[in-house]
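First comes the structure, then the notes that go with it.
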Amino acid sequence: MRTLLAFPSTASFAQQAALAFHENQALETFLTAYVHHDDGLMAKALALAPGGLRARMEPQLKRRSIDAIPSSILEERPFWEIVRTIADKAGASAPMVDRLWDHLSHDFTRAAGKYLKSQSVDAIYAYEYTALEAFRDADKYGIKKILDFPSQNSRQYEELQRREKKRFPELIGAHEDYFSARFETRQKRRDDEMNAADLIVTNSSVTRQSHIDGGADPDKTIAVPYGAPPALEALPSHTVEGPLKAIWAGTFSIRKGAHYFIDAWRALNAGRDAVIDIYGAIAVPDRVWSPKPESLEFHGSVPRTRLFDAFDRADVLVFPTLSDGFGMVVTEAFARGLPVITTDQAGASDLVKHGKNGLIIPAGDPGEIQTALEWCLNHRAELGAMRARALETAQNWQWSDYRNALYQGVTGFFSHS
């Protein structure tokens, strides 16, 4: 089944999906937006940019490298993604960056549709919001349409945001009206893609159910959990002495439950017995967490190598998300032998065995976060024993397992449909 995989991002999950088809000699082309090449024109232009802009852009662009897929089957459409990135890092307003993203999405999808006309493929594998026009062209040529939803249903998340902002008005952003006015139009696009798809792929049972609740046909919807990055062969040395060392990894935002976590951490009132290091951009107003507790430290976004070193020193990852299609930070923690506290709204909870390699709590409840942290404080030996099970989980579900399950799931579906 010769397949075009089309996605403007080079996110790791998209690269792994492309590799799943490539390993089975079934990937015709991976069509994406910008791919970073150290000797490319963008790298040369970046070297001439003002120092501040270069420092902000370079890490973003370098994360868009692709090594697993041969360059001979990569097709790039980089212009609008470069423009969007420059605008974002140069300080353009959120509405301006959003309009560029929206234009990029439509332009990219139309390009994918034109590719179908000029090439001989059996299927197109595309992602939400960047599939609709290409799917319409696929219908003209009798090409199978596979839609990937990496996030939970957008309407479900919009309702969650409205509920949270009604309860906590301090979370309302400066551009609330702009984004609210565009939601229904964008949701209709996603619904049209969902209805047009022959097969819908999700990354967890949580994500799958959210889209079924949103109208997806359960008979054409499958779930394949994302894999873990390369796992340690053995646990690093670790001690349960001293304060409980908790860690947060990822954006400190409404979606991740940051406002509930702050309430829980303050209520825990553990003094010097517990500390939390937060790695990731802060996406809630300062008034949500100010004044900052002495036992809490913000580190901002850091390279993965530094984050993984922090995982090795920590006792537990805290990931109290309100809505996450998966939450790859969970498998990244497992790959370092780090247990997790997460919620029933994290797709990665499919891989969490409560009391074995982590703790699963209800989403949106600061009392449950506090209780989980108190358990960790009072059961240091039991928490330490979870490390082996966490590492074993990652070792037993690598990206290679994801790729095999994805390809078998897709081909199995069409062979029986």
Side-chain angles (χ1 to χ4, degrees), residues 152 156-157 159-172 206 209-210 240 243-280 282-298 314-324 327 329-330 333 338-384 386 390:
Q152 292 187 38
Q156 183 184 79
Y157 178 59
E159 291 171 355
L160 180 153
Q161 281 206 104
R162 289 174 179 171
R163 183 184 72 232
E164 294 301 310
K165 290 172 182 178
K166 184 176 181 179
R167 294 180 63 187
F168 305 98
E170 63 270 24
L171 298 174
I172 295 174
V206 174
Q209 189 59 53
S210 79
V240 296
L244 176 75
K245 296 179 288 296
I247 190 169
W248 175 296
T251 308
F252 201 64
S253 64
I254 298 173
R255 180 193 287 268
K256 307 297 184 183
H259 50 308
Y260 289 122
F261 168 76
I262 286 292
D263 287 347
W265 190 258
R266 287 200 170 107
L268 182 67
N269 195 27
R272 297 182 178 180
D273 291 334
V275 296
I276 178 98
D277 289 295
I278 295 177
Y279 293 88
I282 301 174
V284 292
D286 291 359
R287 57 185 177 273
V288 172
W289 52 266
S290 184
K292 181 176 71 67
E294 291 184 5
S295 54
L296 182 152
E297 194 66 40
F298 290 114
D315 295 306
V316 64
L317 171 75
V318 184
F319 186 60
T321 182
L322 303 182
S323 174
D324 251 280
V329 67
V330 172
L338 181 64
V340 304
I341 299 170
T342 193
T343 74
D344 53 6
Q345 290 304 305
S349 62
D350 284 349
L351 302 177
V352 179
K353 306 301 180 187
H354 185 76
K356 303 296 185 182
N357 57 9
L359 302 174
I360 301 176
I361 59 176
D365 189 333
E368 291 286 350
I369 302 172
Q370 178 187 350
T371 297
L373 289 167
E374 286 174 342
W375 185 91
C376 293
L377 265 171
N378 297 324
H379 298 83
R380 297 292 297 278
E382 292 94 326
L383 179 64
M386 288 183 180

**Report entry** Closest non-hydrogen atom pair between Val284 and Ile254, with its separation
**Finding:** CG1-N, 3.8 Å

Query raised in the report: Between atom CD of Gln156 and atom CD of Glu159, what is the distance when rounded to the nearest 0.5 Å?
Result: 8.0 Å

Query raised in the report: Only one of Leu383, Asn357, Asp315, Leu317 clears side chain to side chain contact (heavy atoms under 4.5 Å, CB included) with Pro339; which?
Result: Leu383

Query - Met386 side chain near Leu359 side chain, heavy-atom distance below 4.5 Å - result: yes

**Report entry** Partner of Trp265 under side chain to side chain contact (heavy atoms under 4.5 Å, CB included), chosen from Ile369, Leu373, Val318
**Finding:** Leu373

Query raised in the report: From Gln345 CD over to Asp324 CG, what is the distance, rounded to the nearest 0.5 angstrom?
Result: 10.0 Å

Requested in this report: Answer yes or no: are there more than 12 heavy-atom neighbours, outside Lys356 itself, under 6.0 Å from its atom NZ?
Outcome: no

Requested in this report: May I have the step-by-step check of side chain to side chain contact (heavy atoms under 4.5 Å, CB included) for Val206 and Ser349, ending in yes or no?
Outcome: CA-CA 8 Å; Val206 174; Ser349 62; 4.1 Å; yes

Query raised in the report: Roughly how far, to the nearest 0.5 Å, is CD1 of Ile341 from OG1 of Thr343?
Result: 11.5 Å

Query raised in the report: Which heavy-atom pair separates Gly327 from Ala348 by the least distance, and what is that distance?
Result: O-CB, 3.8 Å

Requested in this report: Decide yes or no on side chain to side chain contact (heavy atoms under 4.5 Å, CB included) for Glu368 and Tyr260, but give the supporting numbers first.
Outcome: CA-CA 10 Å; Glu368 291 286 350; Tyr260 289 122; over 6 Å; no

Query raised in the report: Would you say Asp277's side chain and Ile247's backbone share a donor-acceptor pair under 3.5 angstrom?
Result: no

Requested in this report: Could you check Thr342 against Val352 for side chain to side chain contact (heavy atoms under 4.5 Å, CB included), going step by step and ending with a plain yes or no?
Outcome: CA-CA 9 Å; Thr342 193; Val352 179; 4.1 Å; yes

Report task. Could you tell me which non-hydrogen atom of Ala274 sits nearest to which non-hydrogen atom of Leu377, and how far apart they are? Result -> CB-CD2, 4.3 Å

Query raised in the report: When you measure from the side chain of Asp273 to the backbone N and O of Leu244, does any donor-acceptor pair fall under 3.5 Å?
Result: no

Query raised in the report: What distance separates Leu296 CG from Ile262 CD1, expressed to the nearest 0.5 Å?
Result: 5.0 Å

**Report entry** Spacing of Arg266 atom CZ and Ser295 atom OG [to the nearest 0.5 Å]
**Finding:** 9.5 Å

Query raised in the report: Backbone N or O of Ser323 within a donor-acceptor pair of the Thr321 side chain at under 3.5 Å?
Result: yes

Report task. State which residues pass ring-ring contact (aromatic ring centres under 6.0 Å, His included) with Phe252; sequence neighbours excluded, sorted by chain then number. Result -> Trp248, Phe298

Requested in this report: Please round to the nearest 0.5 Å and tell me the distance separating atom CZ of Phe261 and atom CD of Gln370.
Outcome: 11.5 Å

Report task. Please determine, by modelled atom types, if His259 and Glu170 share a side-chain donor-acceptor pair under 3.5 angstrom. Result -> no

Requested in this report: List the steps and the verdict of side chain to side chain contact (heavy atoms under 4.5 Å, CB included) for Ile278 and Glu297.
Outcome: CA-CA 6 Å; Ile278 295 177; Glu297 194 66 40; over 6 Å; no

Query raised in the report: What heavy-atom pair brings Lys165 and Ile172 nearest, and what distance separates the two atoms?
Result: CB-CG1, 3.9 Å

